[in-house]
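Throughout, protein chains are lettered first and strands after them, A, B, ... in sequence-line order, and every chain is numbered starting at 1. Computed from a prediction, not measured in an experiment: that's the story for all the values here.
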Protein chains: 2
Amino acid sequence: MSASSSPLAEFVVGVDNVIFSVDTDQNRLLVLLVRRQQFPFAGYWSLPGTLVRQGESLEAAAYRTLAEKIRVNNLYLEQLYTFDEPAGERRETPRRYLSVSYFALVRFADAELIAAAESPVQWFALNACPDLAFDHSKILAYGHRRLCNKLEYSPVAFDVLPEYFTLNDLYQFYSAVLGANFADYSNFRSRLLKLGILQDTQQKVIRGAGRPATLYRFNREAFAPLKDKPLVFV
Amino acid sequence: MSASSSPLAEFVVGVDNVIFSVDTDQNRLLVLLVRRQQFPFAGYWSLPGTLVRQGESLEAAAYRTLAEKIRVNNLYLEQLYTFDEPAGERRETPRRYLSVSYFALVRFADAELIAAAESPVQWFALNACPDLAFDHSKILAYGHRRLCNKLEYSPVAFDVLPEYFTLNDLYQFYSAVLGANFADYSNFRSRLLKLGILQDTQQKVIRGAGRPATLYRFNREAFAPLKDKPLVFV
DNA sequence: ACAAAAGTGTTCCAGGTACACCCATGG
DNA sequence: CCATGGGTGTACCTGGAACACTTTTGT
């Protein structure tokens, strides 16, 4: 804010998105990557990103990047972290680069990838992810931690599940993200039901053998008073 | 990353610090503010901030701002959030401004304010804080939430308490930040002691009337294995 | 002797864990 | 009638909340 003794840096600001989705059928946590075509790191996979344009907010840039790669109706998005270029790699000419990363969770069912010949885009299972360009592996790891926390303390899952879901869908969702090392199914059931935020539509759904499952939906009104209370979903 | 159809924004990047400290004697949570002298918001108090210089990392800029205002040996610092200028207030000429905020906690005992005639700097009790310049009140609120969370899930308190402290010091510290509406003293005691991360130096200290208190110190070795386990301090 | 501060112990209860078990459907 | 997945119930245990009580100092 003060007149400085040494010259100010001029920045170009980029936005990089960590876009997660969960394939509940296959019980896999997915991340969206694009294949770079240009120098540097040509041929490497990287997080979808863009540079911020004049008059465009950071968040708008994040949404634009997302919209260029997939068509999706239901998603959750929040800012993740701002990464400096490491001092070593920093090329001060002509302008310095700053990456503001965003974290998104999208509904898998209606996420439709926009295939472009020049920039292939693809879901990767998180545990079968290649080395990424730049410091994107670091950003991805950071995003994964955030995802786990979000899931435990806030109802993001419901932004991204189908409107009507079974308790088993919900359980699959959680275990895909958190890695199967959490509460067993029946305890998960009772905890969720006791919260009183799931509405029992009397409908049943049959999937192969076994007893039909009840369809539930998330009850936003019932959840509202619990917002930012310290409640735990797993 | 792609050649864009509309021109890129050029940024100047600033760093704004939310610097907290705790006066355990008076049981007050403090935040460091500076009084602005220039337009805009002349006369208002604001968070200490600076513009990022060429070749200077974000974090380095945060440390520099801190060092310009106070001399302190023990502190904790981490990035908080990156704030866009709201679309309304955004003046596109000549360059757009981006604020990366940092969050710091410093040891009160050895924090020595650097008084400069041109820019007064002062501790404010958080609950007696004036309206701040720009959107700094919003940033401050965000920082306070982060502080509360950090305190509950990580041992930042020990970065900032004196090396030797009584359990009551620790309790005062927590209640100054979290606002006295948490566990009572004796439960706090037993929980902390049971964690096994406090080392009982056999020394006692007498402060006025009452039974002498045991001095403890934080045992980093004992804590290491518990790192990033989900453990709760309050 | 009494107040003040440190420190210990006890009782009660909510909520998590780990199971065993019952229910409804397809093959 | 059995395998499969959905759903319920129970017994056990940990850990927090509240609070009574003891210990050691100053005045």
Please produce a list of atom pairs where a protein N or O lies less than 3.5 Å from an N or O of nucleotides 15-19 of chain C.
| from | atom 1 | to | atom 2 | distance (Å) |
| --- | --- | --- | --- | --- |
| C:dA18 | N7 | A:Asn187 | ND2 | 2.8 |
| C:dA18 | N6 | A:Asn187 | OD1 | 3.1 |
| C:dC19 | N4 | A:Ser186 | OG | 2.4 |

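Minimum atom distance to the side chain of A:Ala213 is reached by D:dG6, of the listed D:dG26, D:dG6, C:dG7. Minimum atom distance to the side chain of B:Ala209 is reached by C:dA4, of the listed C:dG7, C:dA4, D:dT4.
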Could you walk me through whether A:Phe223 and A:Phe218 pass ring pair (Phe, Tyr, Trp, His ring centres under 6.0 Å), step by step?
CA-CA 8 Å; A:Phe223 176 72; A:Phe218 181 54; 5.7 Å; yes
Please lay out, stage by stage, how B:Phe83 and B:Tyr81 fare under the test ring pair (Phe, Tyr, Trp, His ring centres under 6.0 Å).
CA-CA 6 Å; B:Phe83 292 90; B:Tyr81 198 83; 4.9 Å; yes
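For A:Tyr174 and A:Phe188, the gap between ring centers is short of 6.0 Å.
Side-chain atoms of B:Arg217 and B:Thr201 form no donor-acceptor pair, as typed in the model, at a separation below 3.5 Å. Judged by distance alone, the side chains of B:Thr24 and B:Asp169 never bring a donor and an acceptor atom under 3.5 Å apart.
Contact annotation for A:Arg207: no contact, since no heavy-atom pair falls under 4.0 Å across all strands.
A perpendicular orientation is assigned to the rings of A:Phe41 and A:Tyr44, their planes being inclined by more than 60° (bins at 30° and 60°).
For the side chain to side chain contact (heavy atoms under 4.5 Å, CB included) with A:Leu140, the lone residue among A:Cys129, A:Ser101, A:Ser46 that qualifies is A:Cys129.
Nearer the 5' end of DNA chain D, as judged by each residue's closest nucleotide, is the contact made by A:Gly210, out of A:Lys204 and A:Gly210.
Contact check of residues 160-168 of chain A against DNA chain D (heavy atom, cut-off under 4.0 Å) returns A:Asn168.
C:dC22 atom P lies 13 Å from atom CZ of A:Arg211, rounded to whole Å.
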